[in-house]
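Bear in mind the structure is a predicted one, so any value in this text is a computation, not a measurement. Throughout, a chain's letter reflects where its sequence line sits, starting with A, and its residues are numbered from 1.
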Amino acid sequence: MIKTVLSSTLISSLFLIIQTTWLKNGLFWGVVPDFALVVILWVAYYNKDNQGVFTGFLAGIVGDAMSSSPFGYLSFIYVVPAYLASLLRRAMELDAFFMPVLLGFAGTVAKGLASIILLVIFGSGHINAYALGDFHFWMEAALNGAVAPPLFWLLRKAKNFLITKRIGD
Amino acid sequence: MAASLLLVSISTRSIIDLPGKIVSGAAGGVQRIFTGIGGFAKRTVFSVAELADLRNQYDALLEKVKSYETIERSYADTMAENARLKEQLGFAQNITTIKASAQIIAKDPGNIYSGYVIDKGYSAGVAKNLAVVAFQNGMEGLAGKILEVQTKSSIVLPLFDQRFYVSARLSRTRTEGLVNGQGNADEPLVMNYVSKLNAAEIQVGDVVVTSGLDSIYPADLVVGRVKEIQLPEYSSSAVILIEPALTFAKLEYLFVLQKDEKALDAGQEQNQGAAPAPTAGSTAGSAAGPGARR
């Protein structure tokens with residue numbers, strides 16, 4: 001489990017660094033797809049024992065260190081979609097295209113709602129949150145949905161490092 | 001989830017930020033490497049095409065240099081006269097020093113926050129809450145302030161962030177107000193607490209500058225231009241929308257400023273003194289050396 005969490009945190013962090021450097025000017029209308037979130041969703045879906053939640057927490061900590069956000073902010077907004085994705089494991093089967101798109105899109109919506117929860121708790125003086133009526137938010141959700149199928153395909157190639165196998169699996 | 005909430009709770013109250021500083025320091029180093037790799041690849045690809053352009057630009061610039069040589073002579077005379085006059089007035093409050101020039105190496109990982117990571121930190125003299133400016137189209141504008149500092153990198157809170165506030169005034173009418181960002185570089189800044197009585201004098205296009213009334217920002221840094229004047233019925237204050245002076249999507253380099261305390265102290269002493277006889281090279285004159293600006 002520790003190996004899985006650490007390797008998935010490492011991959012998420014790598015994507016976070018790519019988001020902050022090579023993609024710093026955004027892909028469309030200045031919006032950057034959240035590759036790290038997609039990785040966390042995949043790990044959360046395929047692993048038991050809340051490993052995805054731990055990955056979301058640790059990757060969020062790394063993201064917070066690179067961000068002007070309050071420390072713990074990104075870790076919270078990654079933990080919420082990771083937890084929801086881990087619940088989906090029992091409810092649906094992932095195919096090659098449609099479900100990854102849906103997961104990427106819904107994960108972003110969950111992330112947006114989590115940011116609003118933080119805004120309500122801590123106030124606008126400390127917290128910035130997604131505006132659900134803002135075009136940029138839905139653009140990010142669409143981009144995350146679009147990058148999910150190819151990224152999931154790539155992650156499946158490295159599943160030995162990212163999924164904890166158990167007897168009976 | 002509880003751990004995340006606890007971290008946000010602690011960090012928003014600035015009790016302790018040690019784990020953040022440790023990870024942030026390491027992340028800053030990796031970001032520098034990634035920016036370096038990206039920059040190298042980009043330069044290699046575009047360098048051949050750039051050579052031809054450079055030849056043409058070189059010829060054009062030679063012509064320009066000739067005309068600038070003439071301008072430079074008159075500029076030097078004006079600067080010398082300006083320094084002499086400032087000495088006589090004991091006017092050193094606005095003198096600031098460029099503490100560091102820095103390159104933007106990264107931005108925030110998500111789309112909610114908008115911080116910039118620059119490649120200078122403690123080791124270059126950068127400190128928390130120093131003002132940050134940029135030059136664009138030959139004009140200087142306020143870009144933000146230093147939010148967090150590591151050894152070799154810092155995070156800048158940009159002007160348009162919702163958590164950014166600066167005391168400002170209109171350059172023409174001298175009306176004061178408080179400027180605040182709206183969280184998006186595409187949206188105008190908002191200037192509040194401007195009396196409706198004073199708002200009548202304000203015109204669209206007026207320049208807004210920092211007032212220097214807070215301890216962070218030196219006076220007379222350009223913030224932007226008035227875009228719209230709103231007079232809400234429910235309030236006694238007008239709301240001024242401001243177009244930022246800088247185009248943030250095109251920013252590459254930033255300059256960290258610091259108010260020159262020595263010049264400030266000397267200016268105050270001179271103002272308090274009974275006979276402020278100026279001497280050559282004192283106060284403003286000496287502070288306005290290389291790296292100093294007004």
Side chain, backbone, both or neither of A:A36 within contact of chain B (heavy atoms, under 4.5 Å) = neither
Within 6.0 Å of CZ in B:F40, more than 12 heavy atoms from elsewhere = no
Look at B:I37, B:I155, B:V117, B:V30 and state which one has the largest set of heavy-atom pairs under 4.5 Å with chain A.
-> B:I155
Distance, nearest 0.5 Å, that separates CG of B:L147 from OG of A:S67 = 9.0 Å
Determine whether more than 12 heavy atoms belonging to other residues, nucleotides or ligands lie under 6.0 Å from atom CG of B:L51.
-> yes
Whatever's closer than 4.5 Å to a heavy atom in chain B on A:I117 counts as neither
With a 3.5 Å cut-off and no angle check, do the side chains of B:D108 and A:S68 form a donor-acceptor pair?
-> yes
Roughly how far, to the nearest 0.5 Å, is the CG atom of B:N111 from the CE atom of A:M139?
-> 10.5 Å
Is a side-chain N or O of A:W22 found less than 3.5 angstrom from the main chain of B:F34, in a donor-acceptor match?
-> yes
Near B:K42 NZ, under 6.0 Å, is it more than 12 heavy atoms from other residues, nucleotides or ligands?
-> no
Do you know the tightest heavy-atom contact between A:I127 and B:Y113?
-> CA-OH, 3.4 Å
Of A:V79, A:I17, A:L23, the largest count of non-hydrogen pairs under 4.5 angstrom with chain B goes to A:I17
Which heavy atom of A:M66 sits nearest a heavy atom of B:P109, and at what distance?
-> O-CD, 4.0 Å
A:L37 versus chain B, heavy atoms under 4.5 Å apart: side chain, backbone, both or neither?
-> neither
Less than 4.5 Å apart, any side-chain heavy atom of A:I77 and any of B:I112?
-> yes
Does any heavy atom of chain B fall under 4.5 Å from the side chain of A:S13, the backbone, both, or neither of them?
-> neither
Could you tell me which portion of B:S114 (side chain, backbone, both or neither) has an atom closer than 4.5 angstrom to a non-hydrogen atom of chain A?
-> backbone
Given a strict heavy-atom distance threshold of 4.5 Å, which part of A:Y130 is in contact with chain B: side chain, backbone, both, or neither?
-> both
Measuring from B:Q162:CD to A:N128:CG, what's the distance to the nearest 0.5 Å?
-> 4.5 Å
For A:F54, does the CZ atom have more than 12 heavy-atom neighbours from other residues, nucleotides or ligands under 6.0 Å away?
-> no
Taking a cut-off of under 4.5 angstrom between non-hydrogen atoms, the residues of residues 176-189 of chain B near chain A are B:N184, B:D186
Would you say the side chain of B:K107 lies within less than 4.5 Å of the side chain of A:T20, judging by non-hydrogen atoms?
-> no
